[in-house]
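Order of the sequence lines fixes the chain letters, A, B, ..., with proteins taken first and strands second; residue numbering starts at 1 for each chain.
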Number of protein chains: 2
Amino acid sequence: MVDAAGRAIGERGLANVRIKDIADQAGMSPGSVLYYYPELDDLLIEVHQETVDQYFAQREQFLDGLDRPVDQLRTALRTGLPSGPDDVTARLLYGMHARCEASPAHAALMTNLFDREVALYLTILRSANEAGDVELRASAETIARTLVALEDGLGLHIVSRTRPMTIDAARTIMTSCAEQFTGVTLSS
Amino acid sequence: MVDAAGRAIGERGLANVRIKDIADQAGMSPGSVLYYYPELDDLLIEVHQETVDQYFAQREQFLDGLDRPVDQLRTALRTGLPSGPDDVTARLLYGMHARCEASPAHAALMTNLFDREVALYLTILRSANEAGDVELRASAETIARTLVALEDGLGLHIVSRTRPMTIDAARTIMTSCAEQFTGVTLSS
DNA sequence: GAGTTATTTGACTATATTGTCAAAGAACCG
DNA sequence: CGGTTCTTTGACAATATAGTCAAATAACTC
């Protein structure tokens, strides 16, 4: 059901999704959708939750098996960007940002995602630093927040089809920024 | 009329604005709105255009009268962020990002704004560098793009009420990032 | 000021979508 | 089984909103 809603949003866009679309994707009637979610917002919040969890789990998974923290950093820098303008997960998450203004639940989920991503970078940065592989030219907290916010800004432009902002250009920028903060070469 | 639409969006939100809201703001009847804009999208595009122009003009104006490029840089770093979660202009622009996926016109306006902001930083960075006030530890183009994308990412979190991301925190990050790229202290 | 065109209006139609509900059907339980 | 609860359905009512349009009004021209 939550999956079906996610697919429906992927097809029709978060702003235009109708109960009927969700019902179709779930192989149900519109009445059944309302039976489980009298407030459609509740369903959207679960979709948001689910998407955040899956996205973050995947990001962590990319790091599995990488022993050297610098390699983890390099990989994290690559996997924090949308895969392209049509990246379904990224589009959904950016769409959810708009709902944060009105819905504390969505805002909390965004805060949660942000915190987890910052924590991920923090861990990597600190262990890379302890391993003597990188400097930390600002506080680890600041660097981590910078990288996450930069990912979000670049991703927004990728998804919005801002022309000069291709995935390659965005990767260059991520790398370059991380290099400045850590004093090492990170381009792969 | 475009102004009225902007106000209506400010009150009701871009996603929920109705023709009636615009008519009310303009002191007209709904019929008159349709008379001038049979396609409501055309009006939204003009609102977008207008907002981009005004926003950028104001950003430039903040730099007026600042002779030293480093001061311009400091000011640019401060004025590129939303004034708070309720910043009407910022909310409108972030809302418009969602429309870029479907509308090339909106995407073009976003590209235009991005390019102009990058150009602004480019000018500042280059003259600060020529004045011998800053280093450029990456290409000016890369630094400028980084700063603009970072502003956008931070602004998105401010507007979305991502809790740890206050305006102060965001300013710290902007400053710290610029310091890394330029090798000088910029905090005011 | 008569005639012409442009603008404005608000009532009306068309449409899309949410939400209701009684009845049908399935699952479960003694 | 018979009864009970849970689930599902699709037709229907309620609502919201875009868009139409004839008629009223204003503006403009000669």
Would you call [X] and [Y] a salt bridge, using N to O less than 4.0 angstrom?
X: A:R12; Y: A:D24; answer: no
X: A:E101; Y: B:R161; answer: no
X: A:R59; Y: A:E117; answer: yes
X: A:R116; Y: A:D53; answer: yes

task = Output the residues of residues 32-39 of chain A in contact with DNA chain D, where contact means a heavy atom of the residue under 4.0 Å from an atom of the strand; sort by number or write none.
result = A:S32, A:Y35, A:Y36

ask   = If you find the nucleotide of DNA chain D closest to B:I19 and the one closest to A:G31, which residue's nucleotide is nearer the 5' end?
value =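 The 5'-side residue here is A:G31.
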
CZ (A:R163) with more than 12 external heavy atoms under 6.0 Å =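 No, the 6.0 Å shell around CZ holds no more than 12 heavy atoms from other groups.
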
request  = Considering only heavy atoms of chain A and a distance under 4.0 Å, specify the first and last nucleotide of DNA chain D in 5' to 3' order that meet this criterion.
outcome  =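 First-to-last contact on DNA chain D, by the 4.0 Å heavy-atom rule, is D:dC6 to D:dG10.
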
message = Tell me which one of A:E151, A:R145, A:E141 satisfies side-chain hydrogen bond (donor to acceptor under 3.5 Å, both in side chains) with A:Y121.
response =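 Answer after filtering A:E151, A:R145, A:E141: A:E151.
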
task = Classify the side-chain pair B:S139/B:T142 by whether it contains a donor and acceptor separated by less than 3.5 Å.
result =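 Side chains of B:S139 and B:T142: pair found under 3.5 Å.
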
task = Assign each of A:R12 and B:P30 to its nearest nucleotide of DNA chain C by heavy atoms, then name whichever residue's nucleotide is nearer the 5' end.
result =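 In this pair, the answer is B:P30.
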
Rounded to the Å, how far apart are [X] [atom1] and [N] [atom2]?
X: A:R18; N: C:dG19; atom1: CZ; atom2: C1'; result: 16 Å
X: A:L40; N: C:dG19; atom1: CG; atom2: P; result: 7 Å
X: A:K20; N: C:dT15; atom1: NZ; atom2: C1'; result: 15 Å
X: A:N16; N: C:dT18; atom1: CG; atom2: P; result: 11 Å

inquiry  = Angle between ring planes, B:H157 versus A:F114, binned at 30° and 60°: parallel, tilted or perpendicular?
reply    =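 The rings of B:H157 and A:F114 sit tilted, inter-plane angle from 30° to 60°.
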
